[in-house]
There are 2 protein chains.
Amino acid sequence: MARRTKQEADETRVTLLDAAEQVFLERGVARASLDEVARVAGCTRGAVHWHFRDKLGLFLALDERLLLLQDAVCCRLDICPDRPVLPAMAETLCAALEELENNPRRRRLLTIMLQRCEYVAEMAPALERRREADGRMRARLAELFTAAAARGELAACWRPERAALFLFALVNGFLHEWLRGDADFTLSGEVCASVRGFLGACAAAPAGAEGPPRC
Amino acid sequence: MARRTKQEADETRVTLLDAAEQVFLERGVARASLDEVARVAGCTRGAVHWHFRDKLGLFLALDERLLLLQDAVCCRLDICPDRPVLPAMAETLCAALEELENNPRRRRLLTIMLQRCEYVAEMAPALERRREADGRMRARLAELFTAAAARGELAACWRPERAALFLFALVNGFLHEWLRGDADFTLSGEVCASVRGFLGACAAAPAGAEGPPRC
DNA sequence: GTAAAGATACCTTCGTGTATGTATATATAG
DNA sequence: CTATATATACATACACGAAGGTATCTTTAC
């Protein structure tokens, strides 16, 4: 009813977020009603409005769940002095893809953000956060490619920013297709193979028989 | 006013579609009201409901506009007996990308379908059509890669279906990023270069020094 | 006691569906 | 060639529910 302990209140908040995750996924963000979110969470709209300002606030709180996970991947993309950069990068990315494949919550969150949300004017704050998160990811990838280039581990025909953009678009394209639900491929299979393939292909050839831009 | 001539009625229909294109883009499909669509078109909801069953009907009619354009590209992806397949493919795709870049209507339509629409249960027919259209495109690409392989124009490490999926994901990933609006790249520039680069890279090497799966 | 944590109630706004009104184009009969 | 009938192409009006915001209770921890 009311004034549970602080801990119970936090649990209510989590329950509401879980419910929002489910309802947003099923109905889409725009069509979802706060009342249904509340009912699924086993409480009323009063609780929703207590914990979150409005629907956008609820959505942004959900978005943070995903951002934390995404930035965690970003942090794991680091440079190990004694290992070649690109293969390490491939392993980190593939590990993240496998984690996504096996973590239903993560998949649901990504589905909501990419396919259950119309990024119009009222959702501007959400769009901005997505933009920044993707910007950070691309920047991180570019840093790694730059480091690889500095070490002579990147084929000369690839400029680091280009390679980062290429890889980013490739993975995102796969993700969009995969999230649609009836994909005839898996993240741990075809997608990881493609990522490894690309990073292998744009690695500097040991012997330098460089033809026209083959990559 | 009523019972205009058949031609005038058709013009009204087109005007409504144009209005829907604008309103859906601005407000998103879910939040858009049929009344606003009608007002933008300079008529009332009566006209909307006369020409289209409901909002989904209107949306599907809009979708057809894009499908026609998309399938046109599909058709242009054909096999010319006296030219290598992959370079021809690259040119067709790049031409389509440039057309998209220079055709605002096309861009608006694609933005609506990819970023202003929540594909939930009620939108199932729309989702199905998107799926089929994308399926046709992927199948067409796969056919071309298969033909290239049969002619010995595809590097052995690439299976045709894999190559088609890779290319499809790559382009779609670029498109999603580009449609978001603040892209730091262009379709005619970086994206076309990437498409050409990939198709060049997976072409069979003239001399057969095939190492580990470098592609 | 008081403030946190929600429940309940009320109001308002908006959007849709449908029903009905209406004027005109077009077909058809004579 | 008219006159009439009918289907077409909308406009208008109404009823209805859904959803959100806000204000006001209620309970309970501290």
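Letters go in sequence order (proteins before strands), and every chain restarts at 1.
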- Here the distance between atom C1' of D:dT8 and atom CZ of B:R13, to the nearest Å, is 16 Å
- Would you please confirm or rule out a distance under 4.0 Å between OP1 or OP2 of C:dG6 and any side-chain N or O of A:T12? yes
- Report the distance from atom CD of B:E8 to atom C1' of D:dT8, rounded to the nearest whole Å. 13 Å
- Query: Does a nitrogen or oxygen in the side chain of B:W50 sit under 4.0 Å from OP1 or OP2 of D:dC10?
  - Reply: no
- Query: Can you name the side chain to side chain donor-acceptor pair (under 3.5 Å) partners of B:D184, sequence neighbours left out?
  - Reply: A:R138
- Item | Heavy-atom pair of closest approach, residues B:V171 and B:L97 | CG1-CD2, 4.4 Å
Atom pairs and distances, side-chain donor-acceptor, residues 119-127 of chain A, under 3.5 Å, sequence neighbours left out:
residue, atom, partner, partner atom, Å
A:Y119, OH, A:M113, O, 2.6
A:E122, OE1, B:R31, NH1, 3.1

- Task: Could I get the full list of side-chain contact (heavy atoms from CB on, under 4.5 Å) partners for A:D78, not counting sequence neighbours?
- Result: A:R140
- Message: Five pairs per end, C1' atoms only: what is the angle between the end axes of the helix from C:dG1-D:dC30 to C:dG30-D:dC1, to 10 degrees?
- Response: 10°
- Contact state string [nucleotides 15-20 of chain C, B base, S sugar-phosphate only, - no protein heavy atom under 4.0 Å]: SBBB--
- With A:E190 via side chain to side chain donor-acceptor pair (under 3.5 Å) - residues at least two apart: none
- Item | Interatomic distance, A:R27 CZ vs D:dA19 C1' [rounded to whole Å] | 14 Å
